[in-house]
Number of protein chains: 2
Amino acid sequence: MTEAVRRSRDSGATRQALIAAARELFEEKGYGGATVRAIGERAGVDPALIARYFDNKEGLYLATLSDESDQATVKYAGLDPEEIVDRLFHRWDERGRTPVARAMASAELDDEVLEQIRALVRLRLRGPLAEGLEKAGAGSRSDLIGEVLIGAVLGICVTRANGALPVLSEAEADEVAALVRKIAGSMIG
Amino acid sequence: MTEAVRRSRDSGATRQALIAAARELFEEKGYGGATVRAIGERAGVDPALIARYFDNKEGLYLATLSDESDQATVKYAGLDPEEIVDRLFHRWDERGRTPVARAMASAELDDEVLEQIRALVRLRLRGPLAEGLEKAGAGSRSDLIGEVLIGAVLGICVTRANGALPVLSEAEADEVAALVRKIAGSMIG
DNA sequence: CTACTATGTCATCAAGTGATGACATCAATC
DNA sequence: GATTGATGTCATCACTTGATGACATAGTAG
């Protein structure tokens, strides 16, 4: 029987605690800024267990990406491009930088990370986006247009979060969202 | 007499060599990834001189930002918004990430860095952009719209450079530029 | 020539990093 | 309850980093 017993020593729970703590700290400090000691402390777990369960720090990082990918229950399929872009903006804007968004905004990407990012984007974002764009008559390069929109939203959210563009940072989310929708709309005609 | 003698020991030349090497390495590796030893080596200069001339690594980083600001001879004043955005895109796209662009895309910004970025953006980018937008009849929030455009271009250039969005990365610059112009145009009507 | 300052060189420190392996302890199985 | 594998703890290593200060040398002024 596989009972859902709450064991005092539960490797699964430890794994999840580490992933959750890692996601938080990677969001806050970035990959380099988050130390394995800090992650272990926040998870209430000995840092050495990172090596046991994820080989090393990078393995844990990849695990956070997979985890986010799994939890991306938001379905964009079948929506208007403007609606997709609107929701994407709100998601990235509210939740701060998810590991995925943060990775996408970073300068150079490790090969494995790049692979995960691309798969996630293709399935969850660009796919539905391109589909909606075609349906709306965006013409041939709907894949490219979809990615341009994703990149644009990412840049807006990043600069909005870090304060580099003060007016944008202080604007109401809805006002910015309206502009983002406008951008999406302009790609269709 | 202040002659332009080429001295074998020239603190000015040393400073410039350090700034140039630092800019390159900050572009390639980011702030954390560029070590003072690597900067010194590329500059052909002992790393200890960083401390002498710029106090510490962060001082050198700020110096690279000022330097880029000084060298930003590109004048956007008086141009159409679409034209400004087009040139901004090409600049960031060709030259790779300048220190400024890289800083704008980073997650959290140090106070001093933030200050420099904001000043640079206000003077060189958002100012002319907002002016052009108003002239074109963009309505009230031209400051906000200008910053949204800057953020969008930044995100497009960053994702284009790091390969997170493959179609965008492989597209011709001119094709992307056309879409960027389209986005700018949509903000006016 | 001498002395003095600017500039450059070098060795080294203290702190922090990720990783590792020996050891301890829990919990399931017989 | 003894055995055994899974899980957790701890000390420590090897390495890198930014920074510092003592020292060396060039170039100039007197």
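Quick note on labels: first sequence line is chain A, next is B, and so on, each numbered from 1. Values in this document were obtained by computation on a predicted structure and should not be read as measured data.
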Original post:
With sugar-phosphate meaning primed atoms plus P, OP1 and OP2, does B:Ala34 contact a base, only sugar-phosphate, or nothing at under 4.0 Å between heavy atoms?
Top reply: sugar-phosphate
**OP:** Let me know the distance between CZ of A:Arg52 and P of C:dG18, rounded to the nearest Å.
**Re:** 19 Å
Original post:
Between A:Phe26 and A:Tyr61, how do the two ring planes meet: parallel, tilted or perpendicular, split at 30° and 60°?
Top reply: perpendicular
**OP:** Could you check how far CG of A:Leu18 sits from P of D:dT9, rounded to whole Å?
**Re:** 11 Å
Original post:
Which whole-number value in Å describes the distance from A:Lys29 NZ to C:dG16 P?
Top reply: 13 Å
Subject >> Electrostatic pair A:Glu28-A:Arg42, nearest N-O below 4.0 angstrom >> reply: yes
**OP:** Return yes if some donor-acceptor pair links the side-chain N/O of B:Arg126 with the main-chain N/O of B:Gly146 below 3.5 Å, else return no.
**Re:** no
**OP:** Let me know, please, whether A:Asp55 or A:Gly33 comes out on the 5' side of the other along DNA chain C by nearest nucleotide.
**Re:** A:Gly33
Subject >> A:Glu147 versus B:Thr159, side-chain donor and acceptor atoms under 3.5 Å >> reply: no
With 3.5 Å as the limit, what N/O pairs link the protein to nucleotides 10-16 of chain D?
none

Original post:
Is the CD atom of A:Glu115 crowded by more than 12 outside heavy atoms at less than 6.0 Å?
Top reply: no
**OP:** Starting from P on D:dG5, measure out to CZ on A:Arg9 and report it in whole angstrom.
**Re:** 16 Å
Subject >> Shortest non-hydrogen separation from A:Lys29 to B:Glu108 and the atoms involved >> reply: O-OE2, 4.3 Å
